[in-house]
There are 2 protein chains.
Amino acid sequence: MAVTLRDVARAAGVSAATASRALSAPDLVAPERRELVRRVARELGYRPNRAARELITGRSGHLCLVVPDLGNPFFSAVAKAVQARARATGHAVVVADAEEDPVLEAELVAQLGGQADGVLLCSPRMSGDDLAAVAADGRPVLLVNREGAGLPSVVVDNRDGVRQAVRHLHALGHRRVAYAGGPSGSWSDARRRDGLAALDLDVEVVDLGAHAPVFAGGVGAADLAVASGATAVLTHNDLMALGMLDRLRTRGVRVPADLSVVGFDDAPVATLVTPSLTTVAMPLARLGRTAVDLLLAPRGGEVPHSVLPVELVVRGTTAPPPETSEPR
Amino acid sequence: MAVTLRDVARAAGVSAATASRALSAPDLVAPERRELVRRVARELGYRPNRAARELITGRSGHLCLVVPDLGNPFFSAVAKAVQARARATGHAVVVADAEEDPVLEAELVAQLGGQADGVLLCSPRMSGDDLAAVAADGRPVLLVNREGAGLPSVVVDNRDGVRQAVRHLHALGHRRVAYAGGPSGSWSDARRRDGLAALDLDVEVVDLGAHAPVFAGGVGAADLAVASGATAVLTHNDLMALGMLDRLRTRGVRVPADLSVVGFDDAPVATLVTPSLTTVAMPLARLGRTAVDLLLAPRGGEVPHSVLPVELVVRGTTAPPPETSEPR
DNA sequence: GCATGCGATGAAAGCGATTTCAGCACGCTG
DNA sequence: CAGCGTGCTGAAATCGCTTTCATCGCATGC
């Protein structure tokens with residue numbers, strides 16, 4: 001039913017070998033014949049059978065992308081970019097949703113990754129040991145938004161994000177800033193705490209502890225923030241910031257007049273709320289693109305690694321602290 | 001390097017044929033031998049080579065999902081569900097983002113769909129003719145969130161969504177309701193207009209025309225809504241509703257006191273804004289699951305088709321109209 | 001006792017591409 | 001003119017698996 005290479009070869013009056021070469025190794029065929037074959041192939045609507053090609057070359061033309069939750073805009077944005085870049089390089093993308101489950105994650109990598117030309121592991125929940133096991137398979141793996149197990153990776157500059165946010169707040173006059181952190185196991189949360197610890201500004205940092213990286217987590221952290229006496233709060237992500245804004249409004253705390261709030265991620269929703277959210281923007285599309293490029297790049301012995309810059313986007317939730325600021 | 005069926009067969013002391021049967025057609029092999037082979041396969045960590053299997057069976061174990069924009073929460077939610085259901089049936093999902101481009105969409109289907117066991121086309125932008133062309137290829141295709149070209153499809157009950165929304169508003173006392181529509185080519189927008197036309201309630205409907213289905217579109221429609229004299233507005237989707245809320249706030253129109261607003265989709269953001277959005281919820285996960293089931297179901301001659309129920313979620317943006325309502 | 005049938009097995013033929021290998025024709029060099 | 005490299009080409013092997021097809025016991029029925 002489908003047009004095969006033999007059909008093309010026959011129609012062009014050449015052998016299958018020549019037809020194959022004409023299409024995928026043009027220099028090996030006499031120009032005249034080559035064009036003939038290509039024309040015939042086009043006319044017949046020939047499409048090479050990926051399975052047959054994979055069987056012999058070992059390359060499937062597929063990349064496997066594993067994310068913890070496709071419903072999360074963070075990951076769908078990365079997935080979109082990965083998909084676009086992969087297509088540009090002639091690859092299709094098999095997407096797998098690990099449902100935030102480290103066990104399922106490992107299984108998916110083993111199952112789907114085995115037949116792919118490479119695996120992109122997005123913010124893996126897996127332990128370092130499991131990551132190492134994946135790597136031991138020899139198949140190219142690249143971690144997105146996490147470092148570990150000596151594997152190639154692409155991350156964003158979390159430390160610098162924190163620094164930019166706090167510098168902004170410091171410039172506004174804030175001297176006491178609270179941090180509402182994400183889940184304690186989170187790799188990026190750890191990097192942000194590193195950033196807070198390494199500040200060389202005249203700013204006191206209050207740790208509000210670990211919270212679920214969702215709306216409700218921000219609600220809970222809001223009361224802690226108010227009690228902390230800080231004039232500004234940094235949250236682990238935008239969802240938490242939104243929850244915090246909601247709770248603060250309920251409690252009659254005005255944002256940004258009484259308290260400034262800075263989120264992380266620049267989720268689409270950041271511009272949809274009022275006041276719009278000041279937040280640290282992640283280059284998600286670039287993250288996806290770079291991931292594909294690094295995964296596909298010929299390995300020159302060393303382990304590829306890339307740190308992407310982040311950018312503070314100042315919007316409506318940050319302002320100078322109230323005049324009657326608490327004495328320190 | 002990888003463990004092949006031959007390796008398993010040799011280790012188990014049987015022929016490759018028997019090993020193959022033991023794993024994929026168990027009844028054809030003597031119980032004792034069958035278990036032996038399966039144990040050996042497990043111990044060796046055997047994973048069948050998908051390409052080899054596809055080459056002979058013609059089934060790749062892949063489904064292809066084409067969406068207009070993965071970054072849109074609507075589609076990423078469907079994608080998530082599709083992926084989960086597909087995995088349950090032993091399929092991997094190749095996701096393609098058509099970037100809202102009908103031409104690219106058709107190309108992706110031709111390219112990726114050709115080697116897949118089936119294609120899920122989500123809210124296709126393609127013309128009916130192009131859809132028919134896709135279908136003519138003989139490959140199983142299923143439309144999600146659109147009907148057309150005599151192809152199998154899964155849709156949500158847009159008409160009923162509109163009916164539920166308007167009935168809710170009518171019950172609150174509204175008698176003049178505006179509709180801010182989406183892009184004029186949109187299939188679902190057409191169905192909603194059908195719903196509006198078929199109402200049997202004592203409610204006057206004002207058409208605010210077509211708008212881009214994004215935040216900005218809602219902003220533009222807001223002024224029209226105010227001018228229309230309607231006491232409630234229905235928007236094509238939640239993003240538009242959000243834009244409308246923003247603009248209304250700017251203009252000093254209170255929601256829901258002065259004007260009620262109802263969105264469509266129940267996007268995650270609907271609960272993150274204040275007041276939270278009354279909206280018509282789509283069963284997105286179910287849409288994805290049903291799509292996979294219908295695509296994979298054995299065709300019994302007739303064309304599978306399924307209409308899923310929607311549900312109005314009443315939140316904070318709807319209330320009775322102001323007492324000093326405009327006279328009709 | 002012999003034909004029959006049945007269940008279980010293995011040998012072998014592909015599936016559709018790529019890729020080695022050998023062969024052929026040709027032109028050049030010494 | 002012998003010898004050799006060069007440029008193209010086709011025959012054939014191969015990738016890992018499934019699936020006929022034939023075979024072989026062995027029990028059953030007449």
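None of these values were measured; they are calculated from a predicted model. Letters go in sequence order (proteins before strands), and every chain restarts at 1.
dA12(D) atom C1' lies 15 Å from atom CG of Leu5(A), rounded to whole Å. One can place CZ of Arg10(B) at 15 Å from C1' of dG10(C), the figure rounded to the nearest angstrom. The distance between atom CZ of Arg6(B) and atom C1' of dT18(D), rounded to the nearest whole Å, is 13 Å. Atom P of nucleotide dG16(C) and atom CG of Asp7(A) are separated by 9 Å, given to the nearest angstrom. If you measure from atom CZ of Arg53(A) to atom C1' of dG16(C), you get 11 Å, rounded to the nearest angstrom. Straight-line distance from the CD atom of Glu54(B) to the P atom of dC17(D): 14 Å, rounded to whole Å. Rounded to an integer number of Å, the gap from CD1 of Ile56(B) to P of dA13(C) is 13 Å. Per the geometry, CG belonging to Leu28(B) stands 15 Å off P belonging to dC6(C), to the nearest Å.
By the 4.0 Å N-to-carboxylate-O rule, Arg59(B) lies too far from Glu54(B) to be salt-bridged with it. Between Arg39(B) and Glu43(B) there is a salt bridge, with a side-chain nitrogen of the basic residue lying less than 4.0 Å from a carboxylate oxygen of the acidic one.
In this model, a side-chain donor or acceptor of Arg21(A) finds a partner on the base of dG10(D) within 3.5 Å.
For DNA chain C, none of the residues of residues 30-43 of chain A falls under the heavy-atom distance limit of 4.0 Å.
For Val14(B), the side-chain atoms get nearest to dG10(C) when compared with the rest of dG10(C), dT18(C), dG16(C). Listed candidates were dT18(D), dG10(C), dA17(C). Nearest to the side chain of Ala52(A) is dA17(C). Here the nucleotide nearest the side chain of Ser15(A), chosen from dA17(C), dC15(D), dG10(D), is dG10(D). Closest to the side chain of Leu55(B), out of dG10(C), dG16(D), dC17(D), is dG16(D).
In terms of modelled atom types and a separation under 3.5 Å, the side chain of Ser24(A) and the main chain of Ser20(A) share a donor-acceptor contact. Arg146(A) places a side-chain N or O within donor-acceptor distance of the main-chain N or O of Pro124(A), the cut-off being under 3.5 Å. Here the side chain of Thr290(A) pairs a donor or acceptor atom with the backbone of Arg286(A) at under 3.5 angstrom. Ser60(A) contributes a side-chain N or O that, together with a main-chain N or O of Gln115(A), makes up a donor-acceptor pair within less than 3.5 Å.
Applying the 4.0 Å criterion to OP1 and OP2 of dA8(C), one finds that Thr18(B) has every side-chain N and O outside that range.
Between Val303(A) and Pro152(A), the closest side-chain pair of non-hydrogen atoms falls below 4.5 Å.
Both Asp27(B) and Ala16(A) lie near DNA chain C, and the one whose nearest nucleotide falls closer to the 5' end is Asp27(B). Comparing Ala51(B) and Ala17(B) along DNA chain D, the residue whose closest nucleotide (by nearest heavy atom) sits nearer the 5' end is Ala51(B).
Here the CG-CZ distance, from Asp97(A) to Arg87(B), works out to 7.5 Å after rounding to the nearest 0.5 Å.
Within 4.0 Å of Thr57(A), counting heavy atoms only, lie sugar-phosphate atoms of the nucleic acid but no base atom. When heavy atoms are screened at a 4.0 angstrom cut-off, Thr4(A) is found touching the sugar-phosphate backbone but no base atom.
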